[in-house]
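We use all heavy atoms of the structure for the numbers below, so side chains are in, but hydrogens, waters and symmetry mates are not. Chain letters run A, B, ... following the sequence lines, proteins first and then strands; every chain starts at 1.
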There are 2 protein chains.
Amino acid sequence: MTDKAEKGILYVVGTGPGAVEHLTAAAAAALSRAEVVVGYVTYLRQIATLITGKEQFGTGMRKEQERVKKAIELAVSGRMVALVSGGDAGIYGMAGLVLELLSPEDMEALELEIIPGVTAASAAASMVGAPLMHDFAVISLSDLLTDRALIEKRLNLAAEGDFVTILYNPKSRSRTSLIRRAAEIFLEQRSSDTPVAVVTNALRPESESTISTLGAFDPDSPKITMSSVVIIGNSSSYLKGPWFVTPRGYCLQEKEESPS
Amino acid sequence: MTDKAEKGILYVVGTGPGAVEHLTAAAAAALSRAEVVVGYVTYLRQIATLITGKEQFGTGMRKEQERVKKAIELAVSGRMVALVSGGDAGIYGMAGLVLELLSPEDMEALELEIIPGVTAASAAASMVGAPLMHDFAVISLSDLLTDRALIEKRLNLAAEGDFVTILYNPKSRSRTSLIRRAAEIFLEQRSSDTPVAVVTNALRPESESTISTLGAFDPDSPKITMSSVVIIGNSSSYLKGPWFVTPRGYCLQEKEESPS
């Protein structure tokens, strides 16, 4: 049996929206303990002040498998490794790819700890008000790993169920039609005055947000990028001054149960 | 015009899962700056080390409106106030009630800042693996403020759309039947070997998690409480050793797009 004290450690660390003040203390501590930090170069740059002087292995976009394999290899060899993931490592993040790629031998040879972070939906919501006070669906519009038909099916069902809906990866340079289709689907099932927020680079210094309505929403706006999320309200959502609000209950009563 | 420097501040602070190491630095800084901290007594106790010596206003469950009104009143009077909310203040949290209750005069009289935290879905997911790697729906089973028919409709649509589904507030002392109904609905549309996780008090010292399958899932288990979330996998989710994994794509390819 391997001596536990000699095992390498793989921390999969959600770094949150990108500004270091939105990292959790546990995430910062894991980065501090790590000997090697592995990640997408842009994310490494965002947390540069926390990993100064550490060994770093950064790669570009679309090199996710390479990063994960490298992080596993380093941890298996006995190192303390932090693999960083933007937002929450557990929501469309690196935690899944790590678990998909770990072999049974790897699992024996390292300790794995997944450290959650603030996901883009939470970050974006906090900038525009309180859109996520009721049931919601999170749908990625990236069709690289998912059939377009399934994405459209989910958009239809989320609209039908009056879920507040958050669209991740709404657009890329080469993929611009699904956000148009999403707007059409929601307009078929929800009032044209339903609030819609576009939040780009949420909670980063360069953040930008705009609130409009489904009727006025422009899916072709250059403000919608790969760094945006789009939040579509439910049938009770409304605008109050500069804020996008989804009421907690369909009629607010004195008998709240949840202790939030 | 009111002098901005004289305005009171209302921070609505998501304290994350409950253990202080999962608070963000921004949340801790807001608590540190606040003169008065308002919240549900259990949450104030969880963050006691961060608010020692501060004026506190704590109330019990179902006193949410009282807390929010007090926090607004204090901020309007020029104080620096932190209203705490478990998890993410923006997901079924206090941010919504604040915005619902703020009058136009209040909005003029205070500065409002919503600081997001790690929501229960992220915390729970991190304990059991990587269940949220694909589109998901978050549904609260609390029927105090939502029609039961709407909850069942959403459960059906989430099941039909093959969304990974996270159930918040799965059960209370007086409400035990909706989680049974949820299990029936998912069993009608998803294979009985679909992974299901029950995570209670996620990432707190007293946390507990169990992973089973839809077929073996016992909705009457006393392990499911108001402090649990239940995560039901999609049709691609699987168990790998002790981990619950939802693969990122329906077939993993080399052409990843998202830079997570």
Practice task
For the pair B:Arg248 and A:Glu64, find out whether any cationic side-chain nitrogen is under 4.0 Å from an anionic carboxylate oxygen.
Solution key: yes

Problem - Short N-O contact, A:Glu160 and B:Lys153, less than 4.0 angstrom - result: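 Result for this pair is no, no salt bridge flagged.
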
Given the options [options], which has more heavy-atom pairs under 4.5 Å with chain B than any of the others?
options	result
A:Val41, A:Val164, A:Leu112	A:Leu112
A:Ala27, A:Ser140, A:Ala125	A:Ser140
A:Val118, A:Ile166, A:Thr119	A:Val118
A:Gly16, A:Ala123, A:Gly117	A:Gly117

Exercise for the section: Report the residues that fulfil side chain to side chain contact (heavy atoms under 4.5 Å, CB included) with B:Ala19, sequence neighbours left out, ordered by chain and then residue number. Expected result: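 Applying side chain to side chain contact (heavy atoms under 4.5 Å, CB included) to B:Ala19 gives B:Glu21, B:His22.
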
So which residue, [options], ends up with the most heavy-atom pairs under 4.5 Å with chain A?
options	answer
B:Thr15, B:Leu102, B:Val12	B:Leu102
B:Thr24, B:Val20, B:Thr165	B:Thr24
B:Val98, B:Thr42, B:Ile139, B:Asn156	B:Ile139

Fill in the blank from the handout: By ring pair (Phe, Tyr, Trp, His ring centres under 6.0 Å), B:Phe244 pairs with (sequence neighbours left out) none

To the nearest 0.5 Å, how far apart are [atom1] in [X] and [atom2] in [Y]?
X	Y	atom1	atom2	result
B:Glu113	A:Ser126	CD	OG	8.5 Å
B:Leu99	A:Met133	CG	CE	8.5 Å
B:Leu150	A:Ser235	CG	OG	8.0 Å
B:Asp162	A:Arg154	CG	CZ	5.5 Å

Handout entry: Validation row: B:Ile91, A:Phe136 side chains within 4.5 angstrom (heavy atoms)
Key =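 With C-beta onward as the side chain, the pair touches.
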
In terms of heavy-atom proximity below 4.5 Å to chain A, should [X] be classed as side chain, backbone, both, or neither?
X	answer
B:Val138	both
B:Leu23	backbone
B:Ala89	backbone
B:Pro242	side chain

Practice task
For residues A:Ala95 and B:Ala130, report the shortest heavy-atom separation together with the two atoms involved.
Solution key: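 What the structure gives for the nearest pair is C-CB, 3.7 Å.
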
Exercise for the section: Mind running side-chain hydrogen bond (donor to acceptor under 3.5 Å, both in side chains) on B:Tyr168 and A:Asp135 for me, showing each step along the way? Expected result: CA-CA 9 Å; B:Tyr168 276 51; A:Asp135 304 334; over 6 Å; no

Handout entry: Toward chain B, the part of A:Leu203 with a non-hydrogen atom under 4.5 Å
Key =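 It is the side chain, since no backbone atom gets that close.
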
